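Single-structure report; data block below.
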Amino acid sequence: MQPALAAAPIDRRSVVSLFSRLRTADGQSNSLPLYAKLRAMGDIVQAPWGGYLATSYGLCHQLLRSRSWRVPDSAWRARQDDAARWNASASRQMGDTLPMLNPPHHTQVRRSLGNVFDRQSLADMKSSVEQTTSRLLDRFEEELAYGPADFCALVSEELPVITIGEWLKIPPADYALLRSLTHDQVYTQELFPTPSQLALSDESTRQLREYFTALVSERRRKPGNDPVSSWLRVWDAQEPDREAAGEAVYALTLFMVLAALETTAHVLSSAVRLLLEHPRQLNWLRVHPEQIPDAVDEVLRYDAPIHMISRVAPEDTELAGVTVRKNEMVQLMVGAAHHDPNHYAAPEDFDIRRRASHLSFGGGIHFCLGNALARMEADCLLTALLERLPGLRIGAPPLWEPRVAFRRMITLPVVRG
């Protein structure tokens, strides 16, 4: 293992240049050399735009597990000078969702959800996920007969929205709209959203708010056996203001959809891409399908769906020899940390038998609520693919969305034979 790198003065232009390259499609297609350069700057690097960047696994793990470090909630956002960035309507809306809440508000909202995606719930959902997977692969196989088929469009973008849509009992006719709006909304969570991207995110957030506010109102008028109706019963019992209760349930429903679509779609497409790029490991996995969960974990380590997570210092704190002031933001560069040679042996190698820890689901009180659901979808997909479709290969280089925090593969052309 290499010794930990101490903090050192960094050329501002070097950091800006590196991130300029990261936020291109080419940079996203091969980000590992760029992350290596970032880690070489130190365990913690001053960001020219304000705050700091944590690059090592140990430091990222420490802050994610910390009970004192905070997330950038609505109050923090309201205090920032960059109003266009932090006080845009989409950003304010994100500040009210579960991942951006701090205790005690976070505790109250998290408790109201109950044991979503527990073992029994997942068992009840698995048969439906398997049927959906089979149906999507039928269509995918039909397209393969005529040439390259886009795995992203036909499978990985579809399975998560159908899964969460059926769970929430959302009309299937609305799935395409919600998927499209989610892709646009996520720009507000990026490191460098442009004015046009912020405008797009604001508009998609407006439409999502309109959609889910109407959904919550409908479930209040006609409650049923679905999560939204259940959350309404919980909030109506503890919150005398029905408007406030409805707002809380709206935020929960929005969060569930935003969290389920973008990240899970990436896990599914990334798993298929990496296994097709490593045919020996794919063939080994076909003989040892019981190791699929380990393969999914290595996919999550090697190419996490979220490469950057934000935390805010609760007080003046020294990190790796650098003093971070109270309320300053530290961006946890998970994509870089997952290839830290001080934590992983041969971190640049994709190895489905590695069985190593990762930070893809966060940590502490903000550990990903839907991690087990994402794993189940990936397990169902890989199980079916290994059984049904041998001889696949990538037909052309994937195309990537040019963004830093949230990974998104736009196309994955696959051919047979």
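Model, not experiment: these values are computed from the prediction. Because only heavy atoms are used, hydrogens play no part in the values below, and waters and symmetry mates are left out as well, while side chains stay in. Numbers here are sequence positions counted from 1.
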Problem set entry | Criterion side chain to side chain contact (heavy atoms under 4.5 Å, CB included) on Glu401 and Tyr187, from CA distance to verdict | CA-CA 11 Å; Glu401 183 81 19; Tyr187 284 123; 2.5 Å; yes
For this session: Drop me the distance from Trp167's CH2 to Asp226's CG, to the nearest 0.5 angstrom.
Result: 9.5 Å
For this session: Assess Arg353 against Trp284: is NZ or CZ under 6.0 Å from the centre of the six-membered ring, and within 45 degrees of the ring's axis?
Result: yes
Problem set entry | Any donor-acceptor pair under 3.5 Å from Ser31 side chain to Gly27 backbone | no
Problem set entry | Full working for salt bridge (charged side-chain N to carboxylate O under 4.0 Å, His left out) between Glu328 and Arg325 | CA-CA 6 Å; Glu328 278 193 305; Arg325 299 298 179 188; 5.7 Å; no
Problem set entry | Heavy-atom neighbours of Asn225 CG exceed 12 at 6.0 Å | no
Problem set entry | Ionic contact status for Asp297 with Arg375, cut-off 4.0 Å | yes
Exercise. Hey, does the side chain of Thr253 reach the backbone of Val228 with a donor-acceptor pair shorter than 3.5 angstrom?
Worked result: no
Problem set entry | Geometric class of the Tyr57/His343 ring pair [parallel <30°, tilted 30-60°, perpendicular >60°] | parallel
Problem set entry | Test salt bridge (charged side-chain N to carboxylate O under 4.0 Å, His left out) applied to Glu218 and Lys222, step by step | CA-CA 6 Å; Glu218 179 192 6; Lys222 299 178 181 179; 5.9 Å; no
For this session: Check whether any side-chain N or O of His339 sits under 3.5 Å from a backbone N or O of Pro347 as a donor-acceptor pair, and report yes or no.
Result: yes
Exercise. Could you walk me through whether Glu262 and Arg179 pass the salt bridge (charged side-chain N to carboxylate O under 4.0 Å, His left out) check?
Worked result: CA-CA 8 Å; Glu262 199 80 1; Arg179 186 175 58 243; over 6 Å; no
Exercise. Hey, does the side chain of Ser74 reach the backbone of Gly95 with a donor-acceptor pair shorter than 3.5 angstrom?
Worked result: yes
Problem set entry | CA sep, side-chain torsions, deciding dist, call: Val404, His307, side chain to side chain contact (heavy atoms under 4.5 Å, CB included) | CA-CA 7 Å; Val404 177; His307 277 204; 5.8 Å; no
Exercise. Are Gln62 and Leu319 close enough, and set up right, to give a side chain to side chain contact (heavy atoms under 4.5 Å, CB included), and what steps lead you there?
Worked result: CA-CA 10 Å; Gln62 172 190 334; Leu319 296 176; 3.8 Å; yes
Problem set entry | Any donor-acceptor pair under 3.5 Å from Thr317 side chain to Ala313 backbone | no
Exercise. Under 3.5 Å, side chain of Asp316 to main-chain N/O of Lys326, donor-acceptor pair present?
Worked result: yes
Exercise. Can you check salt bridge (charged side-chain N to carboxylate O under 4.0 Å, His left out) on Arg273 and Asp303, steps first, answer last?
Worked result: CA-CA 11 Å; Arg273 172 184 72 91; Asp303 189 11; 3.3 Å; yes
Exercise. Under 3.5 Å, is there a donor-acceptor pair between the side chain of Ser204 and the main chain of Ser201?
Worked result: yes
For this session: State whether Trp76 and Arg70 meet the cation-pi test: NZ (Lys) or CZ (Arg) under 6.0 Å from the six-membered ring centroid, and within 45° of the perpendicular axis.
Result: no
Exercise. Does NZ or CZ of Arg23 lie under 6.0 Å from the centre of the six-membered ring of Phe192, at an angle within 45° of the ring axis?
Worked result: no
For this session: Show your working on side chain to side chain contact (heavy atoms under 4.5 Å, CB included) between Thr132 and Ile162 and close with a plain yes or no.
Result: CA-CA 8 Å; Thr132 300; Ile162 295 172; 3.7 Å; yes
